[in-house]
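Contents: one structure, followed by commentary.
Order of listing sets the numbers, starting from 1, for every ligand and every atom in it. Everything numeric in this text was worked out from a predicted model, so none of it was measured.
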Amino acid sequence: MRQSSLFTKTTKEISKEEESLNAKLLLRGGFINKEMAGVYSFLPLGFAVLKKIEDIVRKEMKNVMEAQEVLMPAIHPLKNYEVTGRDKIDVLFHTKLNGGGDLVMGQSHEEIVVPLFKKFISSYKDLPQGIFQIQSKFRNELRAKSGILRGREFLMKDLYSFHTDNDCFDSYYKRAEESYHNIYKKLLIGDKTYFTYASGGSFSKYSHEFQTLSDAGEDQIYLCEDCVIAINKEIIDDTKNCPRCGKKGDNLKVEKSIEVGNIFPLGSRFSDSFNLTYKDMNGKERPVIMGCYGIGISRAMGAIVEILSDDKGIVWPKSIAPFSVHLISLGEDEEAEKVYNLLKKEGVEVLFDDRDKGAGEKFAESDLIGIPYRMVVSKKTLEKEAVEIKKREEKEVEIIKVNEIVNYAKENI
Ligand code: ATP
Ligand code: MG
């Protein structure tokens, strides 16, 4: 894409009220626009990143978790929440139908997915099943000062699994744990993301969170460096020590972290509410055992910005960068255009800075936007029939001949 036709522009002027690093960088780069506290538009560059995170998560859900994708509604009847007793939770946005009838905005989808499954599940032969969606959630969060880490409207992947018994559930839950680790590795935050024990509610001792170390985090975890796991501060009082090796809480390291996902054993908590049962082999009615598994898609994007940026701007991982190459013409538009076309023909995603601006400004903007490869075409590089290539996170440049660009792209980008 030509940068001259991109409708967004980078800006230095953002509201002084903006506290969080992820919001500052994403607003300055033109990735997002703030509509009100906790509510953002995702603009072309930001939307491209979001879609790439979605794709990584979607592939794992389909291929590894063998789950089917659906799209459930964003407005829900309040009466379903009365059935589960969640009608009084504080984050619910309430609204009404014109003709009467209370509605809430979807903050999670147990109240929709369980009645839905009741229509299709009757026998043990119908189980197990997993379904997921990637969809906007609405929560009246008290504080929304962490940029896209805590939205009042935000994008979540939610998966729900349905099983005949605990053994079947346990193996699926274990698979989800591995799959989540894969996802965070692909997003380049794997080395900072810890499998964390959290309180489980009434149906199981623990649920589990995936917590990514960051000073921007609103959570605190106790790290057991021997086991490479953590315990959420909220449960450490009950547990007192590492649930794996028993190491004393006093010897665990306390760190700030961002909850980028969680997996939760639901037991028959929601099946009981809606009487979701199946007939076992002997024809006996039994409750369906469930799990739910969330990933904050937009929060993950914010976490990546927090963790991988430097003093010049964002440093996107290749896997989710809005473009692979930022091609910059310094007054050599015709030659740069040739490189643009060569790369495009190879299927490389290129943002082509064809604007009439100085080198300093173009480079600073390029660093802010954070595309993994910067390629410069200038009078100086053309004297060598070459382009200058620099990786976003490195200082050194490489000079590559124009007729070698395609090979370079095939091998590296
Ligand atoms: P938190 O404790 O941070 O409020 P939660 O326990 O309410 O999170 P869930 O309801 O389980 O989270 O949602 C699943 C995932 O969705 C979380 O792990 C997180 O990554 C993401 N998430 C939750 N709330 C928000 C929010 N307000 N904005 C962005 N992402 C969120
Ligand atoms: Mg919450």
field: L155 touching ligand 1 at heavy-atom level, < 4.0 angstrom
entry: no
message: Taking 4.0 angstrom as the limit and counting only heavy atoms of G261, give me the atoms of ligand 1 inside it, by number and element.
response: 18 (O), 20 (O)
Check: G294 N/O within less than 3.5 Å of ligand 1 N/O: no
message: Under 6.0 Å between ring centres: does that hold for F138 and F93?
response: no
field: Presence of salt bridge, K279 and E285, under 4.0 angstrom
entry: yes
- request: Answer side chain, backbone, both or neither: which part of D158 comes under 4.0 Å from ligand 1, heavy atoms only.
  value: neither
task: Mark yes or no for whether K410, through its side chain, and E346, through its backbone, hold a donor-acceptor pair below 3.5 Å.
output: no
- request: Could you go through the side chain to side chain contact (heavy atoms under 4.5 Å, CB included) check for Y222 and T239 one step at a time?
  value: CA-CA 11 Å; Y222 284 72; T239 322; over 6 Å; no
query: Sub-3.5 Å donor-acceptor pair from the side chain of R392 to the main-chain atoms of I314, do we have one?
result: yes
task: Verify the neighbour count for atom CG of L97: are there more than 12 heavy atoms of other residues, nucleotides or ligands below 6.0 Å?
output: yes
query: Nearest protein heavy-atom contact for atom 22 (N) of ligand 1: which residue, which atom, what distance?
result: F154 CE1, 3.6 Å
Ligand 1 contact on V260 by region, counting heavy-atom pairs under 4.0 Å: backbone
- request: Measure the distance from atom 11 (O) of ligand 1 to every protein heavy atom, then report the residue, atom name and distance (to 0.1 Å) of the closest one.
  value: N262 ND2, 2.5 Å
Best match, G296, G147, G302, S298: closest heavy atom to atom 15 (C) of ligand 1: G296
message: Minimum distance, heavy atoms only, to atom 1 (P) of ligand 1: which one of E218, Q211, R150, M156 is it?
response: R150
message: Nearest non-hydrogen contact with atom 17 (C) of ligand 1 belongs to which option: E259, E209, E234, Q107?
response: E259
field: Heavy-atom nearest option to atom 27 (N) of ligand 1, drawn from R139, M301, E141
entry: E141
task: Verify the ring-centre separation between Y197 and H208: is it less than 6.0 angstrom?
output: yes
- prompt: Counting heavy atoms only, which of S146, G151, S108, A300 comes nearest to atom 28 (N) of ligand 1?
  reply: G151
query: Below 6.0 angstrom between ring centroids: does that apply to F195 and F210?
result: yes
